[in-house]
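Labels below follow one simple rule: chain letters A, B, ... track the order of the sequence lines, proteins then strands, and each chain is numbered from 1.
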Amino acid sequence: MPSMASNDSTHTANINQLNGPKTDSLDRRQKIEQHRKALPIATVEKKLLEEVSNNDILIIVGETGSGKTTQLPQYLFNGGFCRNGGIIGITQPRRVAAVTVAKRVAEECGATLGQKVGYSIRFEDTTSSSTRIKYMTDGLLLREALLDPYLSKYSVIIVDEAHERTVQTDVLLGLLKTVQKTRSSSASDVACSDHTKPDNGAMLEKEAIVQSTSILKHSRGKKLSPLKLIIMSASLDARVFSEYFGGARAVHVQGRQFPVDILYTRQPETDYVDAALITIFQIHLEEGPGDVLVFLTGQEEIESIERLVQDRLPKLPESKRNISIIPIFASLPSEKQMKVFLPAPAGFRKVILATNIAETSVTIPGIKYVIDPGMVKVRTYDPNTGIEPLIIVKTSKAQALQRSGRAGRDGPGKCYRLYPENEFYKLKDSTMPEIKRCNLSNVILQLKALGIDDIIGFDFIEEPDRRAIIKSMELLFLLGALTDDGKLSDPVGHQMSRLPLDPIYSKALVVANQFSCLEEMLIVVSMLSVESIFYVPREKLEESRTALKSFSSTEGDHLTLLNTYRASDEFLEKGKLVSSNEKAEKNLRKWCKENFINNRSLKHARDIHSQIRRNVEQMGLRITSCGEDMLPLRRCLSASFFLNAALKQPDGTYRALSSGLTVQIHPSSVLFRAKPECIIFDELVRTNQNYIRNISIIDYLWLIELAPQCYALQE
DNA sequence: CGCATCTCA
């Protein structure tokens with residue numbers, strides 16, 4: 001294809017116009033240019049621009065290393081797609097990706113971050129009025145849609161990594177489909193002559209317009225420009241997306257990866273942990289130098305393999321004991337996570353034991369060997385009980401490919417799949433979309449807030465389970481967010497939908513002023529929203545327990561979390577009085593360590609706290625405090641967590657009132673020994689037992705008083 | 001007496 005030359009003159013002209021940092025040496029610029037031109041996608045720049053011009057929806061299948069994420073937005077900018085001030089928005093499922101790619105692209109453009117190129121994620125917005133290429137998380141774009149239902153400032157929206165099929169991506173795709181229809185119909189109202197459509201097409205279009213305008217409110221009067229939509233996926237089947245978007249055109253962009261040899265076992269393995277262990281040693285003893293990445297399902301498995309390897313090392317000849325084991329999983333403190341990026345000691349082989357964090361979130365350089373037992377831990381959802389148990393299942397084909405690809409980033413590699421080849425062909429093509437295995441209450445609240453009332457009729461790329469929809473609608477109704485006829489209630493439902501929280505937490509905030517405890521509830525909800533605040537290492541069990549005692553409350557875990565937050569806040573504020581902010585933050589990290597508190601989680605809770613505090617202030621809520629008396633706070637918790645109430649049974653276990661399940665207080669709770677009669681809890685986790693976590697003591701009569709829709713006085 | 005694979009607003 002001769003038209004694919006990459007030395008496009010518009011593009012060069014644009015680079016020259018930019019007023020980037022003067023310190024950029026010509027040399028560095030040239031290197032960036034060379035790198036850009038060497039990317040596989042560079043050969044099809046013109047072709048892609050044509051495709052986008054000719055198709056309002058385009059599916060791009062690009063393998064890893066194609067350069068699609070960094071280059072396509074630049075091509076579109078240079079190709080004039082930001083004319084009239086339109087913005088090119090690119091969504092990512094993860095925050096880190098949005099940040100790192102934006103930084104890279106800003107550098108390639110020779111622009112300061114936040115000017116032409118910027119990113120916007122929760123807690124952080126680097127964009128300005130001059131930003132034209134905007135990277136963001138898909139969840140953030142969904143939030144933007146609440147304020148601007150037509151996403152009118154965007155001329156192009158690129159949904160990247162769509163194959164991952166996160167809930168947010170799936171909902172976004174459904175929304176974008178509607179938005180695009182509405183915008184093109186609005187545009188054709190003002191410029192009909194631009195389009196000449198065949199008759200039956202026009203008919204269908206009309207139907208679509210009627211439907212979309214009834215879905216999205218107040219479209220009249222406003223002239224909107226059409227929206228270009230690009231779906232980017234790394235999966236092999238573009239068909240799903242293409243069919244969803246009415247047979248949209250799909251193009252393929254070559255990737256760039258080193259070859260990876262795939263090896264299978266002859267027989268199925270009965271114990272994949274043991275098989276992984278054997279393979280580690282086999283590679284170490286028989287293969288050439290290079291680091292090893294092993295995919296395991298969880299912390300427990302990782303720690304057990306780590307111990308087993310250490311146990312066996314002394315049995316090896318001394319010259320062969322040069323293995324350095326490095327675990328990585330999400331809940332590991334970040335300084336320990338960073339170890340995967342350090343080179344192993346000279347002459348040592350690095351063996352990284354990882355969860356699926358290493359599939360997408362963390363890219364580790366220098367991996368030559370991948371061991372893939374073919375298993376993964378996934379969250380599921382049981383619409384009958386509302387529990388989301390974690391179960392271990394086989395990976396999908398796509399996942400197996402993603403894992404083996406990790407061995408071919410810096411050179412040719414090998415992947416050991418610990419199952420026979422015929423088993424691979426029996427695997428599912430791709431992982432089940434998250435929307436089919438999660439609680440939908442948040443999704444439904446969002447859609448309702450967007451004016452989409454018919455949830456069952458919503459055009460999802462994949463239908464969620466009908467029972468799951470009903471279960472979540474029921475929850476929202478009981479929380480008072482929905483009216484009898486399924487509409488968002490005013491003001492409770494509207495207020496709840498504006499808060500970036502789980503609906504039950506939002507409810508707790510919305511009603512907190514009736515109990516004069518909004519200040520306290522803001523803290524409690526922030527602390528509940530993050531992953532475990534307390535870090536309890538097995539070897540320092542007693543020590544950590546005494547540390548936590550100073551914060552603990554006899555009334556329950558919610559108040560313990562409140563005390564902990566306040567203690568840390570007080571420590572930080574005091575520190576800021578006597579030294580610089582940075583010094584105070586550093587001291588806080590030390591304080592966290594001494595008190596066995598996960599610093600990352602606490603920081604996250606602080607960020608959430610300041611965001612939702614701003615939110616409730618904007619909603620016009622007065623921030624009231626209950627002072628020393630914590631009774632109103634527990635009553636307020638009862639008024640929002642009433643579906644998570646449990647009563648003690650004669651044998652010391654509890655009965656969860658809404659599901660009827662027998663549950664136990666988790667040993668990490670401050671109420672584990674106390675065993676009060678009536679409690680409310682934050683969540684139910686299923687492992688060997690049904691455990692309930694984050695618990696507070698309440699009075700059963702409060703439930704009857706505060707949640708009469710669920711609890712009636714019984715004679 | 002013992003848990004959280006991973007994200008997002």
Side-chain angles (χ1 to χ4, degrees), chain A residues 91-98 120-125 136-147 161 164-172 295-303 328-332 354-362 375-380 388-393 395 399 431 434-435 437-438 442-443 445-446 449 496-503 505-506 526 529-538 541 544-545 598 601 604 607-608 611-612 615 652-653 664-669 671-673 675 682-694:
Chain A
T91 70
Q92 296 289 326
R94 281 169 297 281
R95 294 159 52 94
V96 269
S120 188
I121 58 177
R122 189 183 190 182
F123 310 131
E124 236 185 305
D125 180 8
M136 65 195 128
T137 48
D138 36 25
L140 194 111
L141 186 60
L142 274 176
R143 281 279 155 191
E144 275 189 12
L146 287 179
L147 304 173
E161 313 285 7
E164 290 192 22
R165 303 295 304 277
T166 64
V167 183
Q168 319 257 34
T169 302
D170 271 20
V171 175
L172 187 60
F295 283 101
L296 297 161
T297 65
Q299 178 175 356
E300 209 180 273
E301 244 173 55
I302 288 174
E303 286 173 348
I328 181 165
F329 42 88
S331 60
L332 201 67
T355 60
N356 40 359
I357 194 173
E359 259 172 38
T360 46
S361 309
V362 176
M375 307 302 275
V376 65
K377 199 181 272 190
V378 292
R379 184 197 291 279
T380 53
E388 300 176 90
L390 291 163
I391 55 170
I392 294 173
V393 298
T395 60
Q399 212 169 3
T431 314
E434 200 183 357
I435 202 156
R437 47 184 176 85
C438 76
N442 216 348
V443 168
L445 193 60
Q446 291 295 297
M496 282 173 63
S497 71
R498 287 187 54 187
L499 292 163
L501 295 167
D502 277 354
Y505 299 170
S506 301
S526 305
S529 296
V530 302
E531 331 68 62
S532 62
I533 283 284
F534 301 113
Y535 179 71
V536 183
R538 202 165 296 170
L541 206 65
S544 57
R545 200 158 287 167
N598 185 326
S601 300
H604 193 189
D607 285 337
I608 293 175
Q611 187 190 30
I612 61 179
N615 285 334
T653 63
Q664 305 212 34
I665 297 183
H666 194 277
S668 65
S669 170
L671 296 176
F672 179 63
R673 282 166 214 273
K675 302 228 163 156
D682 175 53
E683 63 171 346
L684 201 166
V685 291
R686 163 127 62 196
T687 53
N688 323 327
Q689 305 271 0
N690 290 325
Y691 281 112
I692 48 177
R693 297 179 55 238
N694 288 326

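Across all strands shown, F123(A) has no heavy atoms under 4.0 Å from either base or sugar-phosphate atoms. Using a 4.0 Å heavy-atom criterion, one finds that N442(A) contacts the bases of the nucleic acid, with or without backbone contacts as well. At a threshold of 4.0 angstrom between heavy atoms, the contacts of E531(A) with the nucleic acid are absent. Within the 4.0 angstrom heavy-atom criterion, base atoms lie near R122(A). If you check every strand for non-hydrogen atoms under 4.0 Å, S361(A) touches sugar and phosphate atoms only. Here L501(A) lies in heavy-atom contact (under 4.0 Å) with a base. Base contact: R545(A) has a heavy atom under 4.0 Å from a base atom. T166(A) comes within 4.0 angstrom of nothing in the nucleic acid, heavy atoms only. Contacts of L390(A) with the nucleic acid, taken as non-hydrogen atoms under 4.0 Å apart, include base atoms. Within the 4.0 angstrom heavy-atom criterion, only backbone atoms of the sugar-phosphate kind lie near R95(A); the bases stay farther away.
Between R122(A) and T137(A) the shortest side-chain heavy-atom distance does not fall below 4.5 Å. With a 4.5 Å cut-off on side-chain heavy atoms, L684(A) and I692(A) count as touching.
With sequence neighbours left out, E300(A) forms a salt bridge (charged side-chain N to carboxylate O under 4.0 Å, His left out) with no residue at all. The ring-ring contact (aromatic ring centres under 6.0 Å, His included) test applied to Y691(A) returns H666(A), not counting sequence neighbours.
Checking side-chain atoms of E161(A) against main-chain N and O of Q92(A) turns up no donor-acceptor pair under 3.5 Å. Using modelled atom types, no side-chain atom of T297(A) and backbone atom of K377(A) make a donor-acceptor pair closer than 3.5 Å.
Taking for each of L141(A) and F329(A) the nucleotide of DNA chain B with the nearest heavy atom, the 5'-most of the two is the partner of F329(A). Both R143(A) and S668(A) sit near DNA chain B, but only S668(A) has its closest nucleotide nearer the 5' end.
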**OP:** Show your working on side chain to side chain contact (heavy atoms under 4.5 Å, CB included) between L146(A) and Q446(A) and close with a plain yes or no.
**Re:** CA-CA 8 Å; L146(A) 287 179; Q446(A) 291 295 297; 3.8 Å; yes
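Contact footprint of chain A on DNA chain B: nucleotides with an atom under 4.0 Å from a non-hydrogen protein atom, first to last in 5' to 3' order, dC1(B) to dA9(B).
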